[in-house]
S.K.: 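My questions all concern the structure below.
Counting convention: from 1, in listed order, for ligands and their atoms alike. Nothing here was measured: the structure is a model prediction, and the numbers come from that model.
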Amino acid sequence: MRGRFITVEGGEGAGKSSNLDFIRQLLEASGKQVLFTREPGGTELGEAIRELLLGHKHTGMADDSELLLMFAARAEHLHRKIKPALIEGTWVLCDRFTDATYAYQGAGRGIELSRIAQLEQWVQGDLRPDLTLLLDLPIEIGLERAGKRSAPDRFESEALHFFETVRSGYREIAKQQPQRVKVIDASVPLPDVQRQITAVIEQFLA
Ligand code: Z5A
């Protein structure tokens, strides 16, 4: 049987990294073989593109270049890693995917969503995540959490307004696709976040 494709999304400091291993353990405890990966990245070429996208060397790159690089990395990722794993029955757990493109390049940068949808169809065909966990929290809390870590990357250096629109973009997707996208209140302490995640995963597995 084909594996399932689960993605985790959220704004800055939402706690994706803090919760991904927890999700992997929940899935493995139920007997699933899990491939953990991330976007942009996940392959040698994808990680090289990630460096171009997140580093400060190309500050000011055109919005369309940013969008196309995201999808170039994604095409490679799907071809080399995600599709082969799903076909052999492995479950794929991915740190960000195309919802991030709608939120960051669409809502954040202002690229028309219909153009992103065309690229999505071209690169992915009919493949969409089976389940997405959206870790949602007020921008100020996320940025404060993220600020306690390493130096900001090119995205983390954006202004507050950018992150507000990214959050709205994500919440709009969740509103449009409530069956697939489950919103987790990520503003509460980690054990409470993980209780919500466990409920969603258990329901999905059932
Ligand atoms: N991007 C895009 O624009 N378009 C696309 O299509 C794709 C991506 C796929 C890289 O993402 C960038 O690429 C991203 C969007 C763009 N922009 N940025 N920035 P990334 O996922 O690699 O980077 P990130 O969003 O900055 O994620 P992160 O750095 O890994 O943050 P996080 O995983 O969400 O948070 P965390 O590291 O788990 O937690 C942050 C801190 O908060 C840490 O100290 C934790 O201990 C703490 N924390 C976590 N949860 C809690 C709770 N519940 N309470 C208290 N403290 C907590």
S.K.: Just checking His56: does its NE2 atom have more than 12 heavy atoms from other residues, nucleotides or ligands closer to it than 6.0 angstrom?
M.R.: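 Result for NE2/His56: enclosed.
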
S.K.: Where does Leu54 meet ligand 1, judged by heavy-atom distances below 4.0 Å: at the side chain, the backbone, both, or neither?
M.R.: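 It is the side chain that touches ligand 1; the backbone stays farther off.
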
S.K.: Tell me whether Gly10 reaches ligand 1 (any heavy atom closer than 4.0 angstrom to a ligand atom).
M.R.: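 The answer is no, since Gly10 has no heavy atom less than 4.0 Å from ligand 1.
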
S.K.: Could you tell me whether Glu39 and ligand 1 have an N or O pair separated by under 3.5 Å?
M.R.: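 Checking ligand 1 against Glu39, no N or O pair falls under 3.5 Å apart.
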
S.K.: State whether Phe5 and Arg128 meet the cation-pi test: NZ (Lys) or CZ (Arg) under 6.0 Å from the six-membered ring centroid, and within 45° of the perpendicular axis.
M.R.: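 No, a cation-pi geometry is absent between Arg128 and Phe5.
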
S.K.: If the cut-off is 4.0 Å to any non-hydrogen atom of Ser17, which atoms of ligand 1 fall inside it?
M.R.: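 Counting from 1, the qualifying ligand atoms are 30 (O), 32 (P), 33 (O), 37 (O), 38 (O).
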
S.K.: Kindly confirm or rule out a cation-pi arrangement of Arg74 over Phe71, judged by NZ or CZ under 6.0 Å from the six-membered ring centre and within 45° of its axis?
M.R.: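 That pair qualifies as a cation-pi contact.
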
S.K.: Show which atoms of ligand 1 fall inside a sub-4.0 Å distance from at least one heavy-atom site of Gln105.
M.R.: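 Result: 2 (C), 3 (O), 4 (N), 5 (C), 6 (O).
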
S.K.: Determine the minimum heavy-atom distance between Leu78 and Pro84, stating which atoms define it.
M.R.: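 Minimum heavy-atom separation between Leu78 and Pro84: O-CD, 3.6 Å.
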
S.K.: Below the 3.5 angstrom mark, is there an N/O of Pro40, backbone or side chain, next to an N/O of ligand 1?
M.R.: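 No.
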
S.K.: Closer than 4.0 Å to some heavy atom of Pro189 - which atoms of ligand 1 meet that?
M.R.: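 That gives atoms 53 (N) of ligand 1.
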
S.K.: Between Arg38 and Glu47 (salt bridge meaning N to carboxylate O under 4.0 Å), is one present in this structure?
M.R.: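 Between Glu47 and Arg38 there is a salt bridge, with a charged N closer than 4.0 Å to a carboxylate O.
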
S.K.: At a 4.0 Å cut-off, with the gap strictly under it, does some heavy atom of Val188 reach an atom of ligand 1?
M.R.: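 Per 4.0 Å heavy-atom rule, Val188 contacts ligand 1.
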
S.K.: Nearest non-hydrogen contact with atom 22 (O) of ligand 1 belongs to which option: Arg145, Arg50, Glu12, Arg38?
M.R.: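 Shortest heavy-atom distance from atom 22 (O) of ligand 1: Arg50.
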
S.K.: More than 12 heavy atoms of other residues, nucleotides or ligands under 6.0 Å from CZ of Arg80: yes or no?
M.R.: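 Not more than 12 within 6.0 Å, no.
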
S.K.: Can you name the nearest heavy-atom pair linking Gly3 to Asp130, along with the distance?
M.R.: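 Looking at all heavy atoms of both residues, the closest pair is O-OD2, 4.4 Å.
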
S.K.: Check the surroundings of atom CD in Gln33: do more than 12 heavy atoms from other residues, nucleotides or ligands lie under 6.0 Å from it?
M.R.: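 For Gln33, atom CD is not crowded (no more than 12 foreign heavy atoms under 6.0 Å).
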
S.K.: Using non-hydrogen atoms of the residue, decide whether Arg74 is closer than 4.0 angstrom to ligand 1.
M.R.: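 Yes, Arg74 has a heavy atom closer than 4.0 Å to ligand 1.
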
S.K.: When you look for heavy atoms under 4.0 Å from ligand 1, do you find them on the side chain of Lys16, its backbone, both, or neither?
M.R.: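 The part of Lys16 near ligand 1 is both the backbone and the side chain.
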
